[in-house]
Amino acid sequence: VQNNFVDHVKIYFTSGKGGAGAVSWRREKFVPNGGPDGGDGGTGGSIYLRANSQLWTLLDLRYRKFIKAEAGENGGKQRCHGKNGKDIILDVPLGVVVHDDVTGKLIGELTEHGQTLLVAQGGRGGLGNWHFRSSTNQTPEHAQPGEAYLEREVVIELKILADVGLVGFPNAGKSTLLSVLTAAKPEIAAYPFTTLVPNLGIVRYRDDGSFVLADIPGIIEGAAEGRGLGLVFLRHVERNAVLLFLLAADSEDIKKEYKVLLSELAQYAPELLDKPRIVGISKCDLADPRRMASLKRMKFDAPVVLFSSMAQMGLDDLKDMLWVSLQAANTKEDDAYSRWKQGTAADEVAWRP
Ligand SMILES: Nc1nc2c(ncn2[C@@H]2O[C@H](COP(=O)(O)OP(=O)(O)OP(=O)(O)O)[C@@H](O)[C@H]2O)c(=O)[nH]1
Ligand SMILES: [Mg+2]
């Protein structure tokens, strides 16, 4: 079931060619030398992507390698306009980023429900010979051909729009935290790589606040070079306003773990380290008072909060901290949550169907 999460597809799009303009002559009773009456060709179909807040993966596009729009029909006699080719509109989730695979150029992003993006423009229809009549040429023998279709290989990527992203080694307790702060019910287990696809949940804060928390698969040393699952999912962290690093209280070397996480993120995309981050020491119920004391003395380059999902300890402090840094990070226009929430009635979103 987890394979149903698809966040990267490559598709070969071909728009419709424009229909040709017609060359034809009026033939009516009692009108001996009827003039030109060739109609225009129809416009070829274009291909658009459209953001739909009810979708959560690119699964629907996974097996569609080639997508082709209809050509416009040729123009006809009696100035008859050729039928336009039908446009194709493909629904995709919010947070989709689209690149031309050959040039690497950004085609656009879709962040709001209903927003559309043109990926392949259909060809214009040619003008019929009727347009070319003039005082010096009453019998134009030519019409325009239709404009050519466009071919384009396009990469469509999904980058989750969540306010806070959880970053941590496998088993750090990321999914457990999501399960206690939100209504989401991710899989939790005592072995690494339990989470294979991202999970989202909405954290309620005080009476009227809320933010989206994203649990992504664990990151290990070498993730940026493709070890584990990390690399595939690091792209989802790019859109988070705040990163919450989880380090387990019972880990052998907390500082080293933190360094590894930072360096994997930096290798993937150095800008990730410019995002506000918070260090969360998880599983503090496992630490005895001496260990707690030493954890409290540890210095990090970011605010630290000690908590335990299991013992429900420190969770309010954690939420306060996240809230404060989100307020600082989010300008009104760039509020990932409001973009994400648009048109979404469901409270929680499961990535797994
Ligand atoms: N004692 C204790 N155990 C915890 C706590 N939080 C999580 N665990 C346990 O740690 C193990 C891993 O928890 P997960 O939430 O699945 O860890 P994860 O970070 O999502 O792991 P991956 O999905 O593999 O990356 C599970 O056995 C949890 O029960 C905690 O606060 N205290
Ligand atoms: Mg997990």
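Just follow the structure's listing: the first ligand is 1, and inside any ligand the first atom is 1. Quantities reported herein were computed from a predicted structural model and do not represent experimental measurements.
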Between Arg27 and Asp37, is there a side-chain N and carboxylate O pair less than 4.0 Å apart?
no
Salt-bridged, Arg206 to Asp320, with N to O below 4.0 Å?
yes
Val92 and side-chain contact (heavy atoms from CB on, under 4.5 Å): which single residue from Val98, Leu117, Leu110 fits?
Leu110
Whether over 12 other heavy atoms sit under 6.0 Å from Lys275 NZ
yes
Give the numbers and elements of all ligand 1 atoms closer than 4.0 Å to a heavy atom of [X].
X      : answer
Tyr191 : 24 (O)
Thr176 : 6 (N), 7 (C), 13 (O), 14 (P), 15 (O), 28 (C)
Leu286 : 1 (N)
Gly218 : 25 (O)
Phe193 : 24 (O)

So, the side chain of Arg64 versus the backbone of Asp60: is there a donor-acceptor pair under 3.5 Å, distance only?
no
When you measure from [atom] to every protein heavy atom, which one gives the shortest distance, and what is it?
atom                    : result
atom 1 (N) of ligand 1  : Asp285 OD2, 2.9 Å
atom 10 (O) of ligand 1 : Lys283 NZ, 2.9 Å
atom 23 (O) of ligand 1 : Thr195 OG1, 2.7 Å
atom 29 (O) of ligand 1 : Met310 CE, 3.4 Å

Mind checking whether [X] has an N or O less than 3.5 Å away from an N or O of ligand 1?
X      : result
Asp215 : no
Lys174 : yes
Ala172 : yes

Restricting to heavy atoms, the pick from Ala189, Gly173, Ser308 nearest atom 11 (C) of ligand 1 would be Ala189
Suppose the cut-off is 2.8 Å; how many protein N/O/S atoms fall inside it around the Mg ion (ligand 2)?
2
Describe, in one word, how the ring planes of Phe211 and Trp323 are oriented to each other, choosing from parallel (under 30°), tilted (30 to 60°) and perpendicular (over 60°).
tilted
At their closest point, which heavy atom of Ser15 faces which heavy atom of Gly123, and how far apart are they?
OG-N, 4.5 Å
side-chain hydrogen bond (donor to acceptor under 3.5 Å, both in side chains) between Ser175 and Thr195: does it pass, once the steps are laid out?
CA-CA 8 Å; Ser175 302; Thr195 303; 2.7 Å; yes
Hey, does Pro192 sit under 4.0 Å from ligand 1 if you only count heavy atoms?
yes
Quick one: do Tyr48 and Ile107 end up in the same hydrophobic cluster if we chain Ile, Leu, Val, Met, Phe, Trp and Tyr together by side-chain heavy atoms under 4.5 Å apart?
no
